[in-house]
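Here the structure is a predicted model, which is why all the values come from computation and not from measurement.
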Amino acid sequence: MASPTSTFFSFFFFAVFLFSPSLSDDNKVSLELYYESLCPYSANFIVNYLPRIFQDDELASIVDLKLVPWGNAKLRANGTFTCQHGKYECLLNTVEACAIDAWPQLSKHFPYIYCVEDLVYQGEYREWKSCFEKLHLDSKPIDQCYHGDRGKELELQYAAETNKLQPPHEYVPWVVVDGEPLYEDYENFLSYICKAYKGKNAPGTCTQAYLNTIRKVEPKNKHGACYKERVIPTLAYM
């Protein structure tokens, strides 16, 4: 049986995407999140920050959100890959990539990824399959994807996208708004979205007072991140 929180979250996203006014792609602000599934800071951002986009239907309508689950994983010479937090992270990276592929609509794959990352955040990531039942989703497309060749193809695709970043990512979560990385100020991403929006009718959320919260910062780790080539804290992943 779905929990009240999961049921509300699923309904909330459905309502936002059903009633939000549509905009042309030219008017939307691109928001890209490069992350890895078992990084505690990635999970924190997905669970506690990213959903703020959807608290205002006008704001949600101006954002083109893209999730890239690869992070600090590394390709081997033989075409396989390793992940910073071990094999289970490679599994969940692939599962989330498969969800994006199987359910291209953001209104469907984001609630699922949120559900999985919420379990990561709680240290219960091994219960990830429960998200199918909570959100009333068919697990077959995901099972077939991550057990088959398609899952690996998707991860290699996300590896290539991550490796092409300029400037290169230094850690995850790595948040990019209209091609510009936010570095340590990634938790302030809504302000950057508002400032980047060039359409005529800006969301009511994007007031000048709100835009003034943007700070000029150096690329330092203030809010926590999983760096490349570094051992970082985990949430009981063993």
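A salt bridge between Glu161 and Lys66 is present, with a side-chain N of the basic residue lying under 4.0 Å from a carboxylate O of the acidic one.
Between Trp174 and Phe189, a ring centre-to-centre spacing not shorter than 6.0 Å is recorded. Between Phe45 and Tyr35, the gap from one ring centroid to the other reaches at least 6.0 Å. Residues Tyr112 and Phe132 place their aromatic rings such that the two centres sit under 6.0 Å apart. Proximity of the aromatic rings of Tyr49 and Tyr186 is defined here by a centroid distance below 6.0 angstrom, and this criterion is not met.
Closest heavy-atom contact between Ala102 and Ile142: CB-CD1, 3.9 Å. For the residue pair Pro40 and His85, the shortest heavy atom distance occurs at CD-NE2, 4.2 Å. Annotation for Gln84 and Cys226: closest pair OE1-CB, 3.7 Å, computed over non-hydrogen atoms. Contact record, Cys206 with Leu59: SG-CD1, 4.3 Å, taken as the closest heavy-atom pair. Taking each heavy atom of Tyr227 and Glu170 in turn, the nearest pair found is CD2-O, 3.6 Å. Listed here is the closest heavy atom pair of Thr162 and Gly71: CG2-O, 3.9 Å.
Using a 4.5 Å heavy-atom cutoff, the side chains of Ile62 and Asn27 are not in contact. The closest side-chain heavy-atom distance from Cys98 to Pro141 is not below 4.5 Å. Counting heavy atoms from C-beta outward, Lys28 and Val63 have side chains that stay 4.5 Å or more apart. Within the 4.5 Å cutoff, no side-chain heavy atoms of Val47 are placed close to those of Val120. Under the 4.5 Å side-chain criterion, counting only non-hydrogen atoms from C-beta, Val177 is in contact with Val29.
One hydrophobic cluster, built from ILVMFWY side chains closer than 4.5 Å, cannot hold both Leu154 and Val116; they sit in different ones. Under the 4.5 Å side-chain contact rule for hydrophobic residues, Leu92 and Leu119 do not share a cluster. Connection of Leu106 to Ile193 is established within a shared hydrophobic cluster, with ILVMFWY side chains joined at heavy-atom distances below 4.5 Å, either directly or through further cluster members. Cluster membership for Val172 and Leu65, using ILVMFWY side-chain heavy atoms within less than 4.5 angstrom, is not shared.
Asn72 and His169 are linked by a side-chain donor-acceptor pair at a separation below 3.5 angstrom, with hydrogens and angles left out of the test. Checked by atom type, the side-chain pair Glu89/Asn93 shows no donor-acceptor distance below 3.5 Å. A donor-acceptor contact closer than 3.5 angstrom links the side chains of Asp56 and Thr205.
Between the OG1 atom in Thr94 and the NE2 atom in His147 there is a gap of 10.5 Å [rounded to 0.5 Å]. To the nearest 0.5 Å, atoms OH (Tyr114) and CD1 (Ile46) are separated by 10.5 Å. Rounding to the nearest 0.5 angstrom, the gap separating the OH atom in Tyr197 from the CD atom in Glu58 is 9.5 Å. To the nearest 0.5 Å, the span separating CG on Asp178 from NZ on Lys195 amounts to 12.5 Å. Distance check, rounded to the nearest 0.5 Å: CD1 of Ile100 to SG of Cys145 gives 10.5 Å. Between the CD atom in Glu117 and the CH2 atom in Trp128 there is a gap of 12.5 Å [rounded to 0.5 Å].
The one candidate from Tyr183, Tyr34, Tyr41 that meets the side-chain contact (heavy atoms from CB on, under 4.5 Å) condition with Tyr171 is Tyr183.
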Given side chain to side chain donor-acceptor pair (under 3.5 Å), test Ser30 with Asp64 step by step and report yes or no.
CA-CA 5 Å; Ser30 69; Asp64 184 12; over 6 Å; no

Run Asp118 and Cys115 through side-chain contact (heavy atoms from CB on, under 4.5 Å) and show every step you take.
CA-CA 5 Å; Asp118 189 41; Cys115 180; 5.7 Å; no

Take Phe54 and Phe110 through the test ring-ring contact (aromatic ring centres under 6.0 Å, His included) and record every step on the way to the result.
CA-CA 11 Å; Phe54 309 103; Phe110 187 80; 5.5 Å; yes

Under the side-chain contact (heavy atoms from CB on, under 4.5 Å) rule, what do Val175 and Glu32 come out as? Steps first, then yes or no, please.
CA-CA 6 Å; Val175 181; Glu32 299 172 349; over 6 Å; no

Going through the distances and angles, do Tyr192 and Asp185 end up as a side chain to side chain donor-acceptor pair (under 3.5 Å)?
CA-CA 10 Å; Tyr192 291 90; Asp185 208 25; 2.7 Å; yes

Pair Leu75, Thr82 - check side-chain contact (heavy atoms from CB on, under 4.5 Å), show working.
CA-CA 7 Å; Leu75 288 173; Thr82 59; over 6 Å; no

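Under a 3.5 Å cut-off, the side chain of Glu36 and the backbone N or O of Ser42 do not form any donor-acceptor pair.
Aromatic ring orientation, Trp70 versus Phe81: perpendicular (interplanar angle above 60°, classes split at 30° and 60°).
Around atom CG of Asn201, no more than 12 heavy atoms belonging to other residues, nucleotides or ligands sit under 6.0 Å away.
With sequence neighbours excluded, the residues forming a side chain to side chain contact (heavy atoms under 4.5 Å, CB included) with Asp149 are Glu153, listed by chain and number.
Relative to the six-membered ring of Tyr88, Arg126 meets both conditions, a distance below 6.0 Å and an angle of at most 45° to the axis.
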